[in-house]
Amino acid sequence: MKKLILYIRSKIRLKILIAFIGLGVLTILVVGFYSFNLTKKAILNRTFEQLTASRVIKTEFIKDFLDGKLKSTQIAATSVEIDLMLKGVHKKKDSVFRRKPINSFMINESYHDMIIIYDSSHFSIAHFDGKLMFTADIEDTLSTYIKNIYKRVFKTKKTTLFDYVRIRNELYLATATPIYYPDGTFRAILGFTIPSHDIDNIMLTNTVLQGLGNTGETYLVDDKYIIKSQSRFIDNSLNQLTVKTPSVTEALKGRTNISIINDYRNIEVLSASSPLKIEGLNWVILAEIDKKEILAPIQKLRYKVLSLSAGVIIIFILLVTGITRQISKPLIKLKSIAAEIAHGDYGKTIPPTTVDEIGQLSEAFNKMSLEIFNQREELLEKSKEIQDSINYAKRIQLGLLPSKKYIHQILHDSFVIYLPRNTVSGDFYYCSKIDNKVIVAVGDCTGHGVPGAFVSALSHGLIQRTINAFGITEPSTILDKLHVLFDEMFSFSELSIKDGMDISICCFDFQKQEVQYSGANNPVYRVRENTVEIFKADRQPIGGLSTYEPFENQIFNIKKGDCYYLLSDGFVDQFGGEKNKKFMRKNLKKLLLEISHLPMKEQKIKISKSFQQWKGENEQVDDVCIFGIKL
């Protein structure tokens with residue numbers, strides 16, 4: 001025994017040793033790849049920092065440049081030279097000005113045009129080419145642009161920048177500010193144009209020095225996703241190229257963002273973006289560089305790590321394959337036998353082939369398999385006993401119900417549809433004749449199956465006792481008596497029993513040619529002369545009530561050809577049809593109206609067929625009982 005234990009331990013140690021070798025190899029691989037990813041992450045973070053720094057620098061440059069243009073426009077608007085010009089050019093379209101201060105101002109500020117707007121219909125524009133030359137030849141697009149400047153500046157009273165406009169086949173920004181008379185009244189709006197190449201010079205310079213390498217660039221985009229500075233890679237892209245990337249979208253929402261995206265060339269890049277807050281321009285600024293360029297230095301390291309890892313993994317797989325084969329062979333056999341047991345071939349066992357934990361598992365499995373086989377045999381025997389008892393209970397329940405022969409003796413044209421959901425039913429029907437009266441009832445007791453059948457048998461007995469022993473034939477009085485008997489039956493129990501039943505009772509008096517009806521939740525349907533009527537029941541069950549009201553008795557005259565239907569709620573509550581909904585009372589009324597002219601034998605066939613077609617593949621939800629009578 002001692003040698004056997006030592007042998008088992010030696011095998012376990014061998015397996016643990018091999019497992020740790022594999023774990024060590026795996027650790028090397030994990031550390032290698034972790035280091036690679038850590039390096040990659042560090043490079044990406046460093047690049048994002050450089051992009052952010054470049055974006056911030058360019059943002060300051062462009063803002064300083066444009067803010068300077070706004071301020072110079074404000075200063076010019078208050079100058080004496082502009083005042084003299086306004087007095088000389090007022091609403092004239094063709095003039096030339098050679099005053100040195102104005103010319104120097106235009107040269108220093110690199111302005112190409114001066115715009116003077118008096119109102120929405122009158123304005124002057126002068127091109128600067130060593131001197132200011134006002135012209136009357138203005139394109140429609142420029143005219144619309146100037147009117148928009150007037151509208152916004154007149155409304156806001158602010159010095160504002162305006163997006164690009166094409167003049168003389170070149171793109172220009174415009175800056176505009178209001179001018180006032182000494183008394184504060186509006187006089188005109190002064191504007192200047194800024195060439196687009198001034199913006200491009202700022203955005204395209206020193207990209208390498210700012211850490212943007214060979215593929216990096218900074219550029220501007222407006223709120224319509226149109227690029228507002230010349231692309232480094234696509235010629236003539238200014239104000240033409242659409243750049244609708246996630247970075248632009250985030251920046252237009254007012255958020256500063258860094259992310260890896262596909263740029264307007266559909267190339268994966270690292271991107272840093274933010275809003276560019278300048279009066280009049282809803283622009284954003286982006287700094288981006290190709291991801292491939294950034295990660296190029298670590299690709300060689302990656303290939304080396306992959307090569308080394310591949311070799312180690314091959315060796316590891318060879319070792320593990322041999323060990324796994326030794327362990328898995330008996331386990332596969334166990335799996336196969338377990339599958340056979342799952343398919344009903346109980347009692348299968350597997351002979352242990354090793355003395356380690358796998359062998360012990362095989363022995364435990366064999367014990368479990370034999371135990372399952374023995375327990376199954378016991379369960380089958382008990383299940384047979386229970387099913388035999390239920391089948392016998394079904395015979396007893398059917399024996400309590402009136403026979404079809406007896407029913408047809410007293411009600412010649414009638415039928416009974418009795419469909420229990422389980423072997424036994426919580427529904428029942430009753431029929432008896434006393435003197436010239438025929439009493440018919442259909443009851444629906446709480447639940448279905450064995451509990452429902454038990455209450456059903458008690459209820460049937462109580463009805464017989466009420467009618468035969470007490471001689472009561474009035475339906476409402478029968479229900480009142482049933483309620484008392486139900487409460488008496490459970491009054492001595494320590495348990496709280498709330499079971500009861502829904503029931504409809506009709507008493508047909510053929511001597512008086514009338515029918516009396518009373519119901520506990522269950523109505524009665526009558527079809528007379530192509531009209532369906534529902535005689536409503538009292539909204540309370542028999543038994544299980546804390547408060548109780550006496551039942552109402554309803555009396556109707558009998559007319560030849562009338563059809564009466566007493567039923568439980570199992571038929572109308574059945575799910576089915578195309579939309580898998582309940583059958584409902586409206587469909588039952590329609591069905592009864594369609595078949596009411598037929599003999600009751602044929603009506604039974606029609607109703608049974610309709611129920612089965614409606615139910616289809618669905619399960620029956622409740623017991624079904626229908627008692628039909630034609631007078």
Side-chain angles (χ1 to χ4, degrees), residues 51-74 76 105-115 127-128 141-142 145-146 148-149 152 159-177 191-210 212 216-245 247-248 251-252 263-264 271-289:
L51 288 173
T52 301
S54 177
R55 175 184 55 76
V56 170
I57 292 170
K58 295 289 184 174
T59 299
E60 292 301 319
F61 284 168
I62 202 73
K63 286 183 70 175
D64 288 346
F65 174 76
L66 293 176
D67 285 342
K69 296 303 178 183
L70 290 171
K71 289 176 183 176
S72 69
T73 304
Q74 286 179 312
F105 173 78
M106 296 293 288
I107 292 170
N108 292 335
E109 295 297 330
S110 299
Y111 289 142
H112 279 220
D113 301 274
M114 176 187 288
I115 304 170
H127 176 60
F128 179 73
T141 54
L142 181 57
Y145 183 78
I146 292 172
N148 182 49
I149 292 175
R152 192 193 303 180
T159 305
T160 309
L161 280 163
F162 292 85
D163 209 335
Y164 285 120
V165 63
R166 188 169 292 278
I167 306 174
R168 297 177 301 279
N169 206 30
E170 295 290 338
L171 289 173
Y172 297 89
L173 289 175
T175 174
T177 189
F192 298 99
T193 61
I194 307 166
S196 61
H197 60 74
D198 286 355
I199 303 295
D200 292 338
N201 288 339
I202 296 173
M203 301 306 294
L204 292 174
T205 358
N206 298 327
T207 53
V208 176
L209 295 177
Q210 291 173 10
L212 295 181
E217 65 172 337
T218 55
Y219 59 94
L220 303 168
V221 180
D222 69 6
D223 56 359
K224 295 182 178 61
Y225 297 95
I226 303 300
I227 194 167
K228 292 299 176 179
S229 60
Q230 180 60 42
S231 165
R232 185 178 176 185
F233 306 103
I234 300 176
D235 294 335
N236 301 318
S237 58
L238 176 60
N239 216 40
Q240 300 292 324
L241 181 65
T242 299
V243 184
K244 194 169 186 178
T245 62
S247 291
V248 175
L252 287 173
D263 69 357
Y264 57 85
S271 176
S273 63
S274 69
L276 186 67
K277 298 177 181 178
I278 297 176
E279 186 68 45
L281 299 179
N282 189 14
W283 287 4
V284 298
I285 184 169
L286 299 96
E288 295 175 346
I289 189 170

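Only heavy atoms go into these numbers, but all of them, side chains included; no hydrogens, no water, no symmetry mates.
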Who are the side chain to side chain donor-acceptor pair (under 3.5 Å) partners of [X], not counting sequence neighbours?
X	answer
Y264	E217, S231
S273	none
N201	none
E279	none

Can you check whether [X] reaches [Y] side chain to side chain, under 4.5 Å on heavy atoms?
X	Y	result
Q230	L204	yes
L173	T193	no
D263	V243	no
F128	Y111	no
S274	I285	yes
I194	F65	yes
V248	V284	yes

Quiz item: Any salt bridge between D113 and R168, counting N to O under 4.0 Å?
Solution: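 Looking at D113 and R168, the cut-off is met.
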Backbone N or O of [Y] within a donor-acceptor pair of the [X] side chain at under 3.5 Å?
X	Y	value
Y164	K228	yes
H112	H127	no
T175	F192	no
K63	I278	no
K69	E109	yes

Self-check item: Sequence-distant partners of T52, side-chain contact (heavy atoms from CB on, under 4.5 Å), two or more places apart
Solution: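 Partners of T52 under the side-chain contact (heavy atoms from CB on, under 4.5 Å) test: R55, V56, I258, A272.
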Any chance you could measure [X], atom [atom1], to [Y], atom [atom2], to the nearest 0.5 Å?
X	Y	atom1	atom2	answer
I149	T177	CD1	OG1	12.0 Å
Y172	D163	OH	CG	15.5 Å
F61	T218	CZ	OG1	10.5 Å
E288	S54	CD	OG	11.0 Å
T242	I227	OG1	CD1	10.0 Å
K58	L276	NZ	CG	13.0 Å

Self-check item: N108 CG: over 12 foreign heavy atoms closer than 6.0 Å
Solution: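 Yes - once you tally the heavy atoms of other residues, nucleotides and ligands closer than 6.0 Å, there are more than 12.
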Quiz prompt | Heavy-atom closest pair, residues P275 and A251 | solution =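 In this case the closest contact between P275 and A251 is CG-O, 3.4 Å.
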Quiz prompt | For D223 against L252, the heavy-atom pair lying closest together | solution =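 What the structure gives for the nearest pair is CA-CD2, 3.6 Å.
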Quiz item: Between V165 and T141, is a side chain to side chain contact (heavy atoms under 4.5 Å, CB included) present by the stated rule, with each step listed?
Solution: CA-CA 8 Å; V165 63; T141 54; 5.7 Å; no
Self-check item: Any side-chain donor near an acceptor of the partner, S237 and Y219, under 3.5 Å
Solution: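 No, no side-chain donor-acceptor contact under 3.5 Å.
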Exercise. Taking salt bridge (Lys or Arg N to Asp or Glu O under 4.0 Å) as the test, write out the residues that go with D200, two or more places apart.
Key: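 If we apply the salt bridge (Lys or Arg N to Asp or Glu O under 4.0 Å) test to D200, skipping adjacent residues, there are no hits.
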Exercise. Could you walk me through whether L286 and S271 pass side chain to side chain contact (heavy atoms under 4.5 Å, CB included), step by step?
Key: CA-CA 7 Å; L286 299 96; S271 176; 4.0 Å; yes
Quiz item: Between L281 and D222, is a side chain to side chain contact (heavy atoms under 4.5 Å, CB included) present by the stated rule, with each step listed?
Solution: CA-CA 8 Å; L281 299 179; D222 69 6; over 6 Å; no
